[in-house]
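Heads up, the thing below is written out as structure tokens.
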Amino acid sequence: MRTPTVGGNWKMNTTAASARSLAAEVAASCKGSKAEVSVFVPFPYLAIAAEALAGSAIKLGAQDAYHQPDGAFTGEVSLTMLKDCSVSTLLVGHSERRHVIGESDSLINAKVLAGLEAGLEVVLCVGETLDQRERGQTDAINAGQLALGLAGVSAEQMSRVTVAYEPVWAIGTGKTASAQDAQNAHKAIRAMVADVLFAGQVAQGLRIQYGGSVKPANAAELFGQPDIDGGLIGGASLKAADFAAIVAAAS
Ligand code: PEP
């Protein structure tokens, strides 16, 4: 039985004041949840959110990191710095980083490996664009992003990896994959992990989140699918009550 897991990706939103109050509200409203809950907070507000989450079971996550430990990498943030801010979970390969910022699969892989090496939990995002979906390439795209993103990860390290399947066309658009389409993609991801990348035991333990316009109204149907183990939530994670309702649907 896999413990459900829900992440709230705040993206480039909040202020110091609203990050503090949102983190405090999430801690209060998700108290006692059976799901594992994380919030992915903008870098400048990590320390503020850490204070507000102190004593709660909510994990503090970063939306990105650089894979090098220190040095001449102007503008980047290291894993050591993130750990200093109480970060325990790292989001890697979000579609906005792949498609807006232009991150490659090899950079994403370097970040996955560095995050695991630093002892963090890693959420690796994969997913197809609308064009790829219309060409019937969903499973092939997910398989390629998984194989490249997880290259060099050991079976033992996989216990700290979560995969987030996020069809790019569903993120922030209000369009959601149908529960059956999402289940089909998740099943194919689990089969790929079992048959090609690792083994059945690793695949059975792997948590696979669905992301893409999850709301309180559609969460229960999505999370009710056998291979959907929770969600990665963008817009709806900025309202504590909506996020808590989604967490409750996963629990
Ligand atoms: C996301 O940011 O990962 C996401 C899924 O966003 P939204 O829920 O707004 O579609």
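Keep in mind that this is a model prediction, so the values were computed, not measured. Counting starts at 1 for both ligands and their atoms, following the listed order.
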Atom 2 (O) of ligand 1: nearest protein contact (heavy atom, Å): Lys11 CE, 2.7 Å
Of Gln180, Lys187, His186, the residue whose pairing with Asn184 passes side-chain hydrogen bond (donor to acceptor under 3.5 Å, both in side chains): Gln180
Enumerated ligand 1 atoms positioned under 4.0 Å from heavy atoms of Leu232: 3 (O), 5 (C)
Sub-4.0 Å heavy-atom contact, Ala236 with ligand 1: no
contact_flag Ser237 ligand 1 heavy-atom lt 4.0 Å: no
Contacting atoms of ligand 1, where contact means under 4.0 angstrom from a heavy atom of Glu166: 1 (C), 3 (O), 4 (C), 5 (C)
Connected via hydrophobic side-chain network under 4.5 Å: Ile48 and Met81: yes
Subset of ligand 1 atoms that lie under 4.0 Å from at least one heavy atom of Ala170: 10 (O)
Numbering as shown, the atoms of ligand 1 that approach Gly172 to under 4.0 Å (heavy-atom distance): 7 (P), 9 (O), 10 (O)
Sub-4.0 Å atoms of ligand 1 with respect to non-hydrogen atoms of Gly212: 5 (C), 10 (O)
Ring geometry between Phe73 and Tyr66 (parallel below 30°, tilted from 30 to 60°, perpendicular above 60°): tilted
Heavy atom of the protein closest to atom 8 (O) of ligand 1 (residue, atom name, distance): Gly234 N, 2.8 Å
Numbered atoms and elements of ligand 1 in range of Ser213, under 4.0 angstrom, heavy atoms: 7 (P), 8 (O), 10 (O)
Contact atoms of ligand 1, heavy-atom distance to His94 under 4.0 Å: 1 (C), 2 (O), 3 (O)
Donor-acceptor contact below 3.5 Å, side chain Asn218 vs main chain Lys215: yes
Asn13 CG to Tyr45 OH distance, which is reported to the nearest 0.5 Å: 10.5 Å
Any N or O of Gly235 closer than 3.5 Å to N or O of ligand 1: yes
Candidate list Arg98, Lys111, His94, test side-chain hydrogen bond (donor to acceptor under 3.5 Å, both in side chains), partner Glu103, passing option: Lys111
Rounded distance (nearest 0.5 Å) linking atom CG of Asn142 with atom CE of Met192: 9.5 Å
Cys30 side, atom SG; Glu36 side, atom CD - distance, nearest 0.5 Å: 13.0 Å
Geometric N/O contact Gly211 with ligand 1, under 3.5 angstrom: no
Donor-acceptor pair between Gln209 and Thr162 side chains, under 3.5 angstrom: no
Min N/O separation Ile171 to ligand 1 under 3.5 Å: no
